[in-house]
Amino acid sequence: MRLWQRFIQRLRGLVWRNDTEQGLDEELQFHIDMEIGRNRERGLSDQEARRVALRDFGGIEVTKEAVRDTVAIRWFVDFIHDLHFSARVLFKRPAFSVATVLTISVAAATTALAIAAIRQILWTPLPYAESDRIVVFYETDLSNGMEHQGVSPGNVLEWQRRTTAFDSISVAEPWGIDTTVNDRPMAFSAWAVSNGFMETMGLKPMLGRTFDPAQYELDNATEILVTYQGWKRIFGSDQSIVGTTLESDQGKLVIVGVLPADVDLPSPRDFWLPRAIPSYHVDTRSGSWITGVGRLKAGHSLTNGRADIERVAAALSKEYPESNGGAGVTAHGLKQQLLGGIEPAVKALGIAAVCFFLAACATLASMFLTRLYARSNELSIRKALGAHHAVLIRQGLAELLIICVIAGCMAIFLTVLAIEFLTQALPDNLPLLSDLQLDSFAVVTAFAISPLIIVCCAVLPLLKVSRRQLATLNEPTRSTGNRAELRARSVLITLQVCVAVIVLVGATLMIQSLGRLLDSDIGFDPDSKVSLQVLTPIRLPQRQLANYFEELLSSIANVSGVDSVAGVSALPFHPRQIDPESRFEHMDEVATDDERLSTFTIVTTPGYFDLMGIAMRDGREFSKFDGADSKQVAIVNQLMADRYWPDGDPIGKRINASVNGNPVTVEIVGIVENTRPFSFDSPSRPELFVPLKQSAFDPFTLVAKTDMPPETLIPALQAAIWKVAPQQAVYHTATVPSLVSKSAQTRSFATRVLGAFAFGAVGLAILGIYSLMNYTVTLRKREFGIRMAIGATPASIQKAIARRTIVLTLAGVIPGVLLAALVATRLRPLLYGIEPHDIQTYLIAGLLIATVSITAALIPAWRASRHSVASLLNAP
């Protein structure tokens with residue numbers, strides 16, 4: 001018979017097994033009947049003829065086995081039998097089966113999630129050509145220790161002329177576009193980019209083309225690019241959007257292209273416009289509100305580029321001491337810029353995932369060892385009855401395969417849930433993780449980790465334990481095992497305690513840090529307040545602009561539920577603050593050590609400080625009498641007063657400052673409490689407040705205080721604005737509490753992640769320690785019975801177990817604390833108000849783990865000590 005014919009025959013025998021077995025029985029019975037007939041012909045009786053036929057024919061089952069080997073795939077049949085047997089064994093021990101499957105699936109899902117997140121951040125290609133050559137610039141104020149979120153246009157033009165390490169340097173300026181949708185004015189965010197910005201960033205549109213170079217020469221460009229986010233949200237991913245005309249406050253704009261996805265620099269917005277740096281900004285060096293980027297020349301590293309730009313900045317500081325004195329510049333790679341504050345959170349996620357994986361492996365190893373040792377008598381009996389050693393190993397592997405498949409499928413399901421939860425819980429400043437999804441890589445990773453855990457934790461213990469214990473049928477006594485087994489159990493307990501301490505210390509540090517951050521004084525009360533930022537559709541003179549904003553505030557004040565209203569150009573924690581930094585001069589004799597006097601200028605309306613809960617430390621607040629024709633006045637914050645009037649009272653002092661680009665002399669009439677400008681941990685800065693009527697500024701943020709849930713009031717406030725200004729678009733609406741909470745999103749997210757991992761790691765440590773100690777106590781029952789028979793008390797036995805547990809716990813706590821100290825240094829950027837090596841935290845974590853470990857060990861010891869001496873002596 002040919003090979004393929006034999007294969008088809010075997011396959012047929014496997015698929016139609018029942019028919020094959022029935023045909024085999026019929027064929028064997030036919031041959032036996034024929035032999036019986038021949039024996040009868042030789043004169044034998046019926047009974048003797050049958051006996052002789054069966055004797056001559058041989059064993060029926062042996063013959064069947066021989067035939068089966070020729071018509072079916074024997075190993076597969078045996079494998080099916082092994083799976084059936086293993087499934088019954090697992091079903092009889094549901095606690096072990098469920099705990100094992102859950103532990104493996106959770107460990108696999110969390111590891112797969114961490115791998116997918118790190119892969120998304122570190123290995124997913126960016127939509128920028130040769131992104132390693134792109135550099136982002138920030139200007140710094142060395143005198144104030146401030147790092148601005150941008151650069152000044154005058155300095156950028158000098159960098160373009162003087163640097164030698166860059167192919168190009170370009171800028172993007174925050175911009176806005178007003179249009180009308182359903183007869184309502186709508187505001188969209190945009191970036192106005194300079195000539196060469198697209199080339200510097202290495203970007204090509206996903207649809208359409210880039211800007212015509214001639215567009216940069218026009219005062220009002222007629223072409224526009226749509227970002228991927230804007231294309232999906234505004235135009236519903238319309239493939240035919242290129243060529244569409246958009247009616248806006250800047251005239252008709254033709255959409256010429258759509259940018260690719262994941263373009264998150266400078267930051268996600270709706271549109272991009274072409275715009276050259278205007279001539280009136282050529283000499284502007286103090287304001288830092290635009291984003292600067294550069295492309296390194298081929299062969300130049302980030303270090304070379306940073307040295308080059310710092311050289312030019314140092315020269316400008318000497319040439320323009322009035323505006324650039326004490327100012328510097330920093331350069332960051334694109335990847336570093338995009339990671340920003342999330343890098344510590346990603347590291348925390350990776351460390352927590354590794355620790356959780358190790359804890360799960362140690363726990364599973366404990367459970368499998370305990371299970372295999374507990375079944376040693378059963379395996380010995382089966383071996384004595386004729387089971388081959390390889391058969392027992394094969395059945396053990398079949399049992400592991402069932403666990404592996406179930407755990408792998410559950411791991412995929414848990415990974416789906418985890419990714420969904422993670423993407424929903426992500427803070428807004430984690431753009432690189434916003435597209436995290438369950439792709440084929442995540443599925444394969446989640447399913448593949450399960451057998452990896454099985455191999456690490458179960459296969460080797462299975463081989464070792466079975467080889468050692470299957471030699472005897474039933475040992476007359478049981479002991480705690482040889483030294484190798486004792487060391488293995490001790491190492492597992494130590495590892496579980498060590499890992500639990502590491503994760504618990506990190507989580508405790510993060511929880512304490514978040515608590516102190518949220519409890520820190522930000523200088524104002526954010527509760528029950530709503531903010532709306534507006535930008536006038538047409539340019540207005542200063543007096544008309546002030547009257548316009550006051551009219552909007554009056555309309556908002558008449559809305560039901562509004563207690564009070566005020567306005568400010570730079571609301572604390574707001575993402576779009578208008579707070580230019582400028583120099584000022586003392587008009588009176590003041591002794592100060594500061595050579596460079598600078599402050600951030602903010603425009604407010606009367607009642608703003610009272611509405612925001614910002615305390616007046618001295619003097620008075622602005623009033624309705626502080627108008628354009630009255631004396632120019634100002635209010636300073638406490639930091640500015642302490643820094644620039646260290647030996648005197650600034651009330652009544654006069655300074656010459658730049659307000660809205662115009663030099664004015666103002667008299668200080670009040671001092672207010674310091675506020676945090678951007679986030680909970682941002683340092684206070686010198687601030688100068690001027691009244692709206694004397695220095696109107698556009699755009700402006702309107703703030704309303706209400707006794708209602710603030711988010712429910714936003715539609716009514718918008719309607720109030722449109723009632724008096726139908727063409728006024730609202731650029732940004734948000735409740736002030738939401739602005740405050742967003743500033744702590746990264747820390748809050750990392751805290752929740754570490755807290756979940758810490759809870760899981762401690763739970764796994766408890767499960768593993770209890771499992772091992774329960775088995776150890778089971779092995780020592782006969783020993784306990786003998787000791788109690790000669791006078792030992794249950795308390796003494798419990799003390800002996802406790803001493804052993806304390807030694808093992810300390811062996812895990814001490815290295816765990818040392819390793820936690822190393823890991824905690826990675827969390828320093830995420831900590832606030834607490835040091836990474838806070839002694840109290842380490843003591844609390846160590847004591848908690850020690851208490852939990854000792855309790856988990858004493859429970860089985862207490863249960864064993866309650867048995868009678870006779871039952872302990874007769875323990876198997």
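What you see is a predicted model, and the numbers here were worked out from it, not measured in a lab.
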> Does the side chain of Thr701 come within less than 4.5 Å of His732's, by heavy atoms?
Replying inline: no
>> Donor-acceptor pair, distance only, cut-off 3.5 Å: does the side chain of Gln160 make one with the backbone of Ile169?
In response: yes
> Does Trp191 have its ring centroid less than 6.0 Å away from the ring centroid of Phe197?
Replying inline: no
> Do the non-hydrogen side-chain atoms of Phe689 and Val568 ever get within less than 4.5 Å of each other?
Replying inline: no
> Would you call Phe700 and Leu692 a side-chain contact if the rule is heavy atoms closer than 4.5 Å?
Replying inline: yes
>> Looking at Lys297, I want to see if its NZ is surrounded by more than 12 non-hydrogen atoms of other residues, nucleotides or ligands under 6.0 Å.
In response: yes
>> Check whether Asn547 reaches the backbone of Arg543 with its side chain - one donor and one acceptor, N or O, closer than 3.5 Å.
In response: yes
>> Any non-hydrogen side-chain atom of Leu296 less than 4.5 Å from a side-chain atom of Ser301?
In response: no
> Mind checking whether Pro699 and Tyr731 have side chains closer than 4.5 Å, heavy atoms only?
Replying inline: no
> Is any side-chain heavy atom of Asp178 less than 4.5 Å from a side-chain heavy atom of Leu535?
Replying inline: no
> Looking only at heavy atoms, which two atoms of Pro526 and Val740 are closest? And how far apart?
Replying inline: CB-CG2, 3.6 Å
> Between Pro737 and Asp527, what is the shortest heavy-atom contact and its length?
Replying inline: CG-CA, 4.1 Å
> Between Ser528 (side chain) and Lys705 (backbone), is there a donor-acceptor pair under 3.5 Å?
Replying inline: no
> Can you tell me how far the OG atom of Ser560 sits from the CE atom of Met708, to the nearest 0.5 Å?
Replying inline: 6.5 Å
>> Suppose the criterion is side-chain hydrogen bond (donor to acceptor under 3.5 Å, both in side chains): which pairs have a residue in residues 721-730, not counting sequence neighbours?
In response: Tyr548-Gln728
> Taking all non-hydrogen atoms of both residues, which atom of Pro274 and which atom of Glu223 are closest, and how far apart?
Replying inline: CD-O, 3.3 Å
> Going by atom types only, do Glu139 and Ser152 share a side-chain donor-acceptor pair under 3.5 Å?
Replying inline: yes
>> Can you pull out every ring-ring contact (aromatic ring centres under 6.0 Å, His included) where at least one residue sits in residues 205-237? Sequence neighbours excluded, please.
In response: Tyr228-Trp231
> What pairs meet the ring-ring contact (aromatic ring centres under 6.0 Å, His included) rule with one or both residues in residues 160-180, with sequence neighbours excluded?
Replying inline: Phe137-Phe166
> Rounded to the nearest 0.5 Å, what separation is found between the CE atom of Met198 and the CZ atom of Arg209?
Replying inline: 11.0 Å
> Are the side chain of Thr227 and the backbone N or O of Asp270 linked by a donor-acceptor pair below 3.5 Å?
Replying inline: yes
>> Minimum heavy-atom separation for Ala725 and Leu552, please, with both atom names.
In response: CB-CD2, 4.0 Å
>> As an exercise, state the distance from CD1 of Ile255 to CG of Leu207, rounded to the nearest 0.5 Å.
In response: 11.0 Å
> So, does Glu247 use its side chain to make a donor-acceptor pair with the main chain of Thr179 at under 3.5 Å?
Replying inline: no
> Taking it one step at a time, do Phe549 and Leu540 satisfy side-chain contact (heavy atoms from CB on, under 4.5 Å)?
Replying inline: CA-CA 11 Å; Phe549 287 142; Leu540 297 173; over 6 Å; no
> Strictly by modelled atom types, are Ser695 and Gln542 linked by a side-chain donor-acceptor pair under 3.5 Å?
Replying inline: no
>> For the backbone of Pro677 and the side chain of Gln577, can you confirm whether one donor and one acceptor N or O come within less than 3.5 Å of each other?
In response: yes
> What pair of heavy atoms forms the shortest contact from Arg676 to Ser679, and how long is it?
Replying inline: CB-O, 3.2 Å
> Measuring from Arg306:CZ to Thr330:OG1, what's the distance to the nearest 0.5 Å?
Replying inline: 8.0 Å
>> Counting C-beta onward and ignoring hydrogens, is there a side-chain heavy-atom pair between Leu571 and Met612 closer than 4.5 Å?
In response: yes
> Is there a donor-acceptor contact under 3.5 Å from the side chain of Gln718 to the main chain of Val730?
Replying inline: no
> Where do Ala704 and Val562 come nearest, in terms of heavy atoms and distance?
Replying inline: CB-CG1, 4.2 Å
> Is there a donor-acceptor pair closer than 3.5 Å between any side-chain N or O of Thr200 and the backbone N or O of Arg295?
Replying inline: no
>> Could you check whether any side-chain heavy atom of Asn155 comes within less than 4.5 Å of a side-chain heavy atom of Val329, counting everything from C-beta outward?
In response: no
> Does the side-chain contact (heavy atoms from CB on, under 4.5 Å) test come out yes or no for Gln250 and Leu273, once each step is laid out?
Replying inline: CA-CA 11 Å; Gln250 301 176 41; Leu273 294 166; 3.8 Å; yes
>> Quick one: does any side-chain atom of Thr675 pair with a main-chain N or O of Phe524 as donor and acceptor, under 3.5 Å?
In response: no
>> Can you tell me how far apart CG (Leu545) and CG (Asp698) are? Round to the nearest 0.5 Å.
In response: 5.0 Å
>> Set out, in order, the CA-CA distance, both residues' side-chain angles and the distance that settles side-chain contact (heavy atoms from CB on, under 4.5 Å) for Leu225 and Val193, then state yes or no.
In response: CA-CA 11 Å; Leu225 284 171; Val193 300; over 6 Å; no
> Between Thr163 and Ile309, is there a donor-acceptor pair closer than 3.5 Å when you use the side chain of the first and the backbone of the second?
Replying inline: no
> Step by step, would you call Val530 with Thr733 a side-chain contact (heavy atoms from CB on, under 4.5 Å)?
Replying inline: CA-CA 8 Å; Val530 182; Thr733 62; 5.9 Å; no
>> So, taking the atom named CD1 in Ile277 and the one named CD1 in Ile290, what distance separates them when rounded to the nearest 0.5 Å?
In response: 5.0 Å
